[in-house]
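In what follows, chains are A, B, ... by sequence order, proteins preceding strands, each numbered from 1. What you see below is based on every heavy atom in this structure, not just the backbone, and it leaves out hydrogens, waters and symmetry mates.
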Amino acid sequence: MKNKGLTKVDLIFETVDVRKVMQKAFEMTSEEIIQQVLESGLKGRGGAGFPTGLKWKYTAAEKDPDKYIVCNADEGEPGTFKDREILDKVAPKVYAGMAIAGKAMGARKGFIYLRGEYRFLLPQLFVELHKFHKMIAEIGYDFNIEYRMGSGAYICGEESALFESIEGRRGEPRNKPPYPTTSGLFSKPTSINNVETLVTAMMIIEKGPLEYVKLGTKDSRGSKVFSISGDTPIPGIFELELGMTVQQFVNEFGDGDTKAVQVGGASGFCVPRKKFADTIIGFEGVPTGGSMKLFNSSRSMYNVLHNYLEFFTEESCGQCTPCRVGCQQLFKGIEKVKKGEAKSTYLNELVKLADTMKVASKCGLGQSVGNAFKSIVENFREEIIY
Amino acid sequence: MVTLKINEHEVKVAEGTTILSAAKTLGINIPTLCNHPDLCVAGNCRVCVVEQKGARTLVASCATPVSEGMEIQTNSLKVRNARKHIVELLLSEHRADCTKCYKNQNCELQTLANEYSFGEHIFLDLVEDHNYVIDRSSPAFIKDDSKCIRCQRCVRTCAQLQHVSAIAVSHKGSEMKISSFHDRPMSHVVCTNCGQCVNRCPTGALTEKTYIDQVWDAIYDNDKHVVVQTAPAVRVALGEDLGYDPGERVTGKLVTALRQLGFDSVLDTDFTADLTIIEEGTELLTRLKKVLVEGDKTLALPMFTSCSPGWIKFIEHKYPHMLPNLSTCKSPQQMFGALAKTFYAKKRNLDPANVVSVSIMPCTAKKYEADRPEMRSSGYKDIDYVLTTRELAVMIKQAGIDFRTLEEGHYDSVMGVSTGAGVIFGATGGVMEAALRTAYEIVTGRPVPFKNLNIMPVRGMEGVREATIKIEGTMEEWRFLEGVELKVAIAHGLVNANKIAKAVSQGKAQYHFIEIMACPGGCLGGGGQPIPTNADIRQKRMEAIYAEDMHMDLRKSHDNPEVTAIYQEFLEKPNGHKAHELLHTHYTERESY
Ligand SMILES: Cc1cc2nc3c(=O)[nH]c(=O)nc-3n(C[C@H](O)[C@H](O)[C@H](O)COP(=O)(O)O)c2cc1C
Ligand code: SF4
Ligand code: SF4
Ligand code: SF4
Ligand code: SF4
Ligand code: FES
């Protein structure tokens, strides 16, 4: 298997002249902007990995004069803290990404849905936003951004639950279709993008797509900001080119005793040591919204799984059956097996249940609980039972 | 039109149709729980999932519109496995003691459990992990969280149909539940007791508070004289719970069944419906005169009807400043109760202390109404027990009565004679029509100028309706109304009631008289009526009501001979002193939050 190796990149946090980029984008047509983002192959950095150019294109194609661009800064995935860093360090680039998206789609209004715990960043963010608004107005943009605060529920990071929350209702995911690009915030065509996605798109406009596609692989173009935590001597935020294997990653960030890496947080996959070399971090292997958590041999994978399941049992919005009850069953189920109160074969029933949750849950939360569950149970079965 | 394939059968349906409805046109049944035809789509129970070729996940058929070329499997292995899991998951959170449950044999979850989950359960029993609460505080219904499947039908009903939102979803994850405001007892929140949520709950989580045993006890007590009254809407719906199709009129058999159950006297709420028309019609005309001619500022117009106790509680909470606009007339049920222990007891030589008065109602709010402290003008509790249509059906089954073979019975007298005007109280617009039939004739000396007395403009299922009737050729006493265009409005379902109440409150509506019923379709769609309900069933019940009216010898309340007699013998005159004492009431401002 060909892969690209581990290369550190400086794209997201690179200092650029935002005004110049805004000037450049202002002179481009909507089609040109969308075309460049399409050509770059950029996929959403919030987890689901939907091609950003397509999302913009669909939203642009809608006739409604009122459209929105929403920046998802809810960052609730356990072990992810890169969006905070981006907003802290390069907020004007986030704003620029939104204004460019707005220009591409014909949206004049943007909202940033900020995780409640990041409220402390607001004073600085407001100052920068004020300057940004002034600057783009001078160039000639008719675009304006407002902040909305999250209230601490993980599910409010899910796009349609986020819309419900902004609209003042309980954060429960909606049925899809309709998708946000036809009916999103306030039932208007909406493009919702992750913080990092927006900055990346802005950098694609700055550098041109040809420059960008030099990074990464066919399925996973470019680079990505990783939030690295767990048993590592160098935890923190790193921007890396996509396409490396977990092995290469562990060589760089492990403590020499890494037994597993949880790629993509609670809703992602657990990669055991024996699969490190064959697993690519990216859409062709294990996708990630950025969270990388390393576990060394002192860790009980039962405890790891137990934590994740407890998290989902509490953070499910509770509206749909497979997720609300399924999470409780998985959670209580492994406890029973561990205590010897249920047969070890009960795990097989639970794996089937995880499959049902994947196909029958209403939203991405319930659909992805099975990722961690199955990958841990399948690879560390003995740790769960004994 | 969109063409798609369901289980290999091609079907063409209109754009926007759901997979669920498309399947129905092919006669393919997909199980559902959270879906209800009266409510917006929720898509949360997931039992309706089906397989869509090429889709990453199964899709909820109730929530997914069809698309061109779609290929659907409703019964594949994948679908059945998921469905079985979902039913088992619901049961694992559910205290499934069916034999103790009021909804046993009439429960959508139980039906699914029978199909998908007999034998050993796969998953752990989580019931004891939950802190389930049973709230018995409301006099109208019981909320038992251990039976709740979180489908949110109740929440959607209360918000969308009733504009009350007495209940909502609270908490998340495993703790997610249906809560009242701050988890206060249902008796202490804005709930109107309308029971629309009860009528749509697929399980035993919301059920009326039943008084069947108390009624049996009274019947078996030889010292008690038990009178029963039947509301107009009961006779066009009871059949549904006894194996008849919707819309079947079973009035005669209903009377016989009640007699066989052992009630000492089988009487009719329609009688007091007629009486209500005399009282309320007089009140309206008096108000019109005082306000329009004498410039009396203490009386308010428009006048709202007051026979729907759910509506009364609604306005007490939400528009207390408009309480003066309510007619002071009690509902027919309560007029009946007050007379049962006075006029009737005297007439039959009974000690009112030994009279037990029972009413059969399409309504759960009537249970609450009967408990109101104002409703004791006979010196006793005017109505002792209120049973819903559904509870009566249970009693009929308990007694082993073969309903179909019953003879047609006739109501006893006194207080058993009624007119078509009393019958149509059961449908939205009916009180208005009955009132107009009488008021117009009082004022002009002529019947209302509509063919067969059928005032079509006030009928129908439109949520809010308006009509104008020009009064011409008035009699001497009513000259001030000559040429007046009487403006009336009708609303049913509290969401529609709210529209009118708001408009009136803001001074944006100029009406004289407004009929409001808390429930969709009026009493025929009441919270105590047979389950299920939907627009089609309500339509059939409505047609039955109007058919019943057409078959009555008397069609106008003021033609009811028992009504004439009761004024002569007992009440003296409409809105007179005695009438006020027994037949009128007052209202209480309540907090809203
Ligand atoms: C339970 C759940 C939580 C999510 N939380 C976030 C989040 O915190 N931030 C984020 O950008 N996307 C989150 N997403 C993904 C969003 O729904 C959405 O796909 C994303 O914001 C789209 O942006 P992108 O295309 O730029 O990735 C979450 C999804 C789910 C199902
Ligand atoms: S999958 Fe979970 S989080 Fe998503 S709608 Fe269902 S219960 Fe809510
Ligand atoms: S709600 Fe239904 S399933 Fe539950 S106990 Fe009652 S009848 Fe049985
Ligand atoms: S009885 Fe009526 S008002 Fe009360 S909760 Fe149910 S629907 Fe709402
Ligand atoms: S109370 Fe009934 S209608 Fe309401 S969520 Fe529970 S089961 Fe559904
Ligand atoms: S009936 Fe479709 S999800 Fe409940």
Side-chain angles (χ1 to χ4, degrees), chain A residues 48 151-156 161 169-178 309-337 341-342 346 348-350 352-368, chain B residues 18 33-34 40-52 55-60 62-65 67 78-94 121-126 128-130 149-152 155 159 168-178:
Chain A
S151 51
Y154 170 60
I155 192 57
C156 287
R169 284 187 295 274
R170 180 185 157 81
E172 282 189 355
R174 300 175 182 170
N175 291 301
K176 289 173 206 166
L309 291 175
E310 187 171 22
F311 171 78
F312 284 126
T313 302
E314 282 171 14
E315 292 301 330
S316 153
C317 82
Q319 73 163 310
C320 82
T321 314
C323 174
R324 179 188 68 249
V325 199
C327 288
Q328 296 172 60
Q329 287 291 354
L330 296 182
F331 181 52
K332 304 274 168 180
I334 63 162
E335 282 184 351
K336 287 269 177 195
V337 170
E341 291 168 13
Y346 186 53
N348 307 341
E349 295 299 338
L350 295 181
K352 285 189 215 157
L353 171 59
D355 285 335
T356 291
M357 291 167 72
K358 193 176 190 70
V359 296
S361 293
K362 182 166 175 175
C363 86
L365 188 151
Q367 289 165 8
S368 56
Chain B
T18 62
L33 280 174
C34 65
C40 78
V41 170
N44 60 31
C45 75
R46 314 304 286 176
V47 297
C48 72
V49 288
V50 295
E51 195 166 347
Q52 179 187 348
R56 192 172 47 88
T57 62
L58 301 176
V59 298
C62 71
T64 311
S67 56
K78 210 168 157 185
V79 169
R80 282 197 69 85
N81 283 344
R83 228 174 250 161
K84 181 174 169 64
H85 270 157
I86 289 164
V87 174
E88 292 247 347
L89 288 174
L90 287 172
L91 290 174
S92 76
E93 275 193 323
H94 187 90
H121 288 175
I122 306 171
F123 301 119
L124 303 172
D125 190 329
L126 302 173
E128 297 311 321
D129 295 330
H130 289 91
I149 58 167
R150 282 82 154 173
C151 66
Q152 302 189 33
V155 175
V169 177
S170 75
H171 301 82
K172 59 184 169 41
S174 55
E175 315 259 288
M176 180 268 205
K177 62 173 185 162
I178 310 303

| request: Compute whether any side-chain donor of one residue and acceptor of the other, for A:Gln328 and B:His130, lie under 3.5 angstrom apart. | output: yes
| task | Under 4.5 Å heavy-atom distance to chain A, tell me which part of B:Leu33 shows up: side chain, backbone, both or neither. | result | neither
| remark: Output for pair (A:Gln319 CD, B:Cys151 SG), nearest 0.5 Å, gives 12.0 Å
| Flag side-chain contact, heavy atom, 4.5 Å: A:Lys352 against B:Asn81 | no
| remark: Rounded to the nearest 0.5 angstrom, the SG-CG distance for A:Cys363 and B:Asn44 is 12.0 Å
| query | Can you find a pair of side-chain heavy atoms, one from A:Thr313 and one from B:Glu175, that are under 4.5 Å apart? | reply | no
| Region of B:Lys177 in contact with chain A, defined by heavy-atom distances below 4.5 Å | neither
| request: Side chain from CB out, backbone as N, CA, C, O: work out which of these in A:Tyr346 comes under 4.5 Å of a heavy atom of chain B, or both, or neither. | output: side chain
| field | Top contributor to chain A contacts, counting heavy-atom pairs under 4.5 Å, from B:Arg150, B:Glu88, B:Arg83 | value | B:Arg150
| Under 3.5 Å, is there a donor-acceptor pair between the B:Thr57 and A:Gln367 side chains? | no
| Proximity breakdown for B:Val59 and chain A, heavy-atom pairs closer than 4.5 Å | neither
| query | What part of B:His94 gets closer than 4.5 Å to chain A, counting heavy atoms only: side chain, backbone, both or neither? | reply | neither
| Region of B:Ala168 in contact with chain A, defined by heavy-atom distances below 4.5 Å | neither
| task | Using atom types as modelled and distance alone, determine if a side-chain donor or acceptor of A:Glu315 lies under 3.5 Å from a backbone N or O of B:Gly173. | result | no
| message | If I measure from the heavy atoms of chain B, does A:Lys336 come under 4.5 Å with its side chain, its backbone, both, or neither? | response | side chain
| request: Side chain from CB out, backbone as N, CA, C, O: work out which of these in B:Ser67 comes under 4.5 Å of a heavy atom of chain A, or both, or neither. | output: neither
| message | Strictly distance-based, threshold 3.5 Å: is any side-chain N or O of B:Arg46 a donor or acceptor partner for the main-chain N or O of A:Thr321? | response | no
| said: With chain A as the partner, which of B:Val79, B:Val49, B:Leu124, B:Leu58 has the greatest number of non-hydrogen pairs under 4.5 Å? | reply: B:Leu124
| field | Segment of A:Cys327 engaging chain B (4.5 angstrom heavy-atom cut-off) | value | neither
| query | Highest number of heavy-atom pairs under 4.5 Å with chain A: which of B:Thr64, B:Ile149, B:Asp129? | reply | B:Asp129
| Derivation and outcome, side chain to side chain donor-acceptor pair (under 3.5 Å), residues B:Gln152 and A:Glu172 | CA-CA 12 Å; B:Gln152 302 189 33; A:Glu172 282 189 355; 3.1 Å; yes
| Separation between CE of A:Met357 and CG of B:Leu89, rounded to the nearest 0.5 Å | 8.0 Å
| task | For B:Ser92 and A:Val325, work out which heavy atoms get closest and say how close. | result | OG-CG1, 3.4 Å
| field | Rounded distance [0.5 Å steps], CD in A:Glu314 versus OG in B:Ser174 | value | 7.0 Å
| task | Could you walk me through whether B:His85 and A:Gln329 pass the side-chain contact (heavy atoms from CB on, under 4.5 Å) test, one step at a time? | result | CA-CA 11 Å; B:His85 270 157; A:Gln329 287 291 354; over 6 Å; no
